[in-house]
Participant: 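Please read through the structure below; I'll follow up with questions.
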Amino acid sequence: MKAHLHLLPFLFLLVTNTLSASPQSNSSIPVYEELSSQQKRPDNETIYRVSKQLCWGCIAESLEFLFRQNLVRAAKWELPLVWDFQLEQYARWWAGQRKADCKLEHSFPENDFKLGENIFWGSGSAWTPTDAVRVWADEEKYYTYATNTCQPDQMCGHYTQIVWKSTRRVGCARVVCDDGDVFMTCNYDPVGNYVGERPY
């Protein structure tokens with residue numbers, strides 16, 4: 001336990017530095033470019049449009065997703081993940097697609113994953129990123145490292161994706177669906193869960 005506590009300051013600094021970095025230019029929202037090109041102060045309509053696109057709570061959610069998953073990785077002495085704004089945008093797009101029905105559905109066809117992806121659904125609107133990561137990480141109890149298998153009729157792929165040794169980047173999103181339930185999704189790059197390979 002002491003070893004993990006020593007990692008906390010490092011993880012906090014990594015999270016802070018990662019999220020304080022500005023997103024790449026090709027992933028910025030067009031309205032930002034519009035504002036940066038204007039010399040005069042933006043009018044009220046522009047300010048309103050920009051504020052509608054910003055998600056002030058998303059920064060805290062991003063930190064929570066990243067920090068909680070890096071704690072899981074630290075338990076296996078894996079390098080921490082860094083936040084990727086393009087993966088976040090992709091996750092937000094898919095969460096937006098699920099907002100109407102909150103269906104627990106992956107964004108890729110089965111067996112055709114281009115990115116790693118963990119998804120979560122919870123009844124009611126109180127579910128947080130910590131809850132999603134806890135559910136995924138709890139699958140560790142179904143994973144047997146010696147045989148590199150899950151227990152029969154159980155899932156452990158969400159857990160193994162979080163701790164996958166070669167995965168470096170993550171981006172996640174949370175949405176409250178129209179029916180009041182919560183859908184969350186995280187995308188990982190490089191993808192993990194290769195058949196026949198161990199996660200760490």
Side-chain angles (χ1 to χ4, degrees), residues 15 18-19 23-24 26-32 45 47-73 81-142 150 153-164 167 169-189 191-193:
V15 167
T18 302
L19 288 175
Q24 298 173 6
N26 64 354
S27 65
S28 61
I29 298 171
V31 175
Y32 289 93
E45 183 183 347
I47 292 171
Y48 176 74
R49 280 191 293 113
V50 171
S51 64
K52 287 274 284 183
Q53 291 189 32
L54 293 174
C55 177
W56 300 111
C58 296
I59 295 172
E61 286 180 356
S62 300
L63 282 166
E64 193 175 345
F65 273 121
L66 184 64
F67 180 72
R68 293 297 174 184
Q69 292 184 87
N70 279 337
L71 284 180
V72 177
R73 288 177 69 85
L81 300 172
V82 296
W83 193 258
D84 186 283
F85 289 95
Q86 289 184 324
L87 291 177
E88 177 190 6
Q89 280 193 340
Y90 182 84
R92 289 204 181 288
W93 166 77
W94 185 242
Q97 298 298 305
R98 298 277 57 86
K99 189 176 187 305
D101 57 18
C102 227
K103 209 179 212 179
L104 193 61
E105 187 174 283
H106 281 287
S107 67
F108 296 95
E110 195 170 347
N111 301 320
D112 190 29
F113 282 84
K114 309 295 186 207
L115 300 167
E117 187 170 76
N118 283 350
I119 55 175
F120 172 93
W121 167 86
S123 178
S125 61
W127 298 93
T128 67
T130 296
D131 296 319
V133 175
R134 183 182 300 116
V135 168
W136 298 332
D138 280 350
E139 292 179 0
E140 181 181 10
K141 63 180 172 272
Y142 303 125
C150 295
D153 302 319
Q154 298 293 343
M155 291 197 315
C156 60
H158 299 99
Y159 164 70
T160 54
Q161 175 57 85
I162 291 175
V163 297
W164 197 263
T167 298
R169 294 171 292 282
V170 66
C172 307
R174 173 186 180 275
V175 67
V176 177
C177 301
D178 295 345
D179 62 5
D181 294 343
V182 168
F183 179 86
M184 288 183 263
T185 178
C186 287
N187 288 103
Y188 305 84
D189 183 61
V191 65
N193 288 336

Participant: Minimum heavy-atom separation for W83 to S62, with atom names?
Facilitator: CZ2-OG, 3.3 Å
Participant: May I ask you to test the Q69-C186 pair for a side-chain heavy-atom distance under 4.5 Å?
Facilitator: yes
Participant: Would M184 and F65 satisfy side-chain contact (heavy atoms from CB on, under 4.5 Å), going step by step from the backbone distance to the final call?
Facilitator: CA-CA 10 Å; M184 288 183 263; F65 273 121; 3.7 Å; yes
Participant: Starting from the C-alpha separation in whole Å, work towards a yes-or-no answer on side-chain contact (heavy atoms from CB on, under 4.5 Å) for N70 and L66.
Facilitator: CA-CA 6 Å; N70 279 337; L66 184 64; 3.6 Å; yes
Participant: I want to check a possible cation-pi pair here: R92 against W94, using under 6.0 Å from ring centre and within 45° of the ring axis as the test.
Facilitator: no
Participant: Tell me if the centroids of the rings in F120 and W127 come within less than 6.0 Å of each other.
Facilitator: yes
Participant: Taking side chain as C-beta onward, heavy atoms only, is T167 less than 4.5 Å from V191?
Facilitator: no
Participant: Of the non-hydrogen atoms in E64 and T130, which two are nearest, and what is the gap between them?
Facilitator: OE2-OG1, 2.5 Å
Participant: For G171 and A91, work out which heavy atoms get closest and say how close.
Facilitator: O-CB, 3.8 Å
Participant: Counting C-beta onward and ignoring hydrogens, is there a side-chain heavy-atom pair between V170 and E88 closer than 4.5 Å?
Facilitator: no
Participant: N187 side chain to L115 main-chain N or O, any donor-acceptor pair under 3.5 Å?
Facilitator: no
Participant: What residue among L104, T185, V182 forms side chain to side chain contact (heavy atoms under 4.5 Å, CB included) with W121?
Facilitator: L104
Participant: Does any non-hydrogen side-chain atom of V163 lie less than 4.5 Å from one of V72?
Facilitator: yes
Participant: Given side chains that start at C-beta, do those of R169 and L81 come closer than 4.5 Å, heavy atoms only?
Facilitator: no
Participant: Roughly how far, to the nearest 0.5 Å, is CD of E117 from CG of L87?
Facilitator: 10.5 Å
Participant: Looking at every non-hydrogen atom in both residues, tell me the closest pair between A126 and R174 and how far apart they are.
Facilitator: C-NH2, 4.4 Å
Participant: Tell me the closest heavy-atom pair linking C177 and F183, and the distance in Å.
Facilitator: SG-CB, 3.9 Å
Participant: Do the two ring centres, one from Y90 and one from F108, sit under 6.0 Å apart?
Facilitator: yes
Participant: Around K103, counting heavy atoms of other residues, nucleotides and ligands shown, do more than 12 lie under 6.0 Å from its NZ?
Facilitator: no
Participant: Find the distance between CG (D181) and OG (S123) and round it off to the nearest 0.5 Å.
Facilitator: 4.5 Å
Participant: Just do the side-chain contact (heavy atoms from CB on, under 4.5 Å) check on K141 and C156 with the steps written out, would you?
Facilitator: CA-CA 8 Å; K141 63 180 172 272; C156 60; over 6 Å; no
Participant: Nearest 0.5 Å please: distance from the CD atom of Q89 over to the CG atom of D84.
Facilitator: 9.5 Å
Participant: R73 and I162: which non-hydrogen atoms are nearest, and at how many Å?
Facilitator: NH1-O, 2.8 Å
Participant: Has N193 got a side-chain atom pairing as donor or acceptor with G157's backbone, closer than 3.5 angstrom?
Facilitator: yes
Participant: Taking it one step at a time, do Q154 and E139 satisfy side-chain contact (heavy atoms from CB on, under 4.5 Å)?
Facilitator: CA-CA 8 Å; Q154 298 293 343; E139 292 179 0; over 6 Å; no
Participant: Drop me the distance from Q161's CD to Y188's OH, to the nearest 0.5 angstrom.
Facilitator: 6.0 Å
Participant: If I take atom CZ from residue R68 and atom OG1 from residue T128, how far apart are they, to the nearest 0.5 angstrom?
Facilitator: 8.0 Å
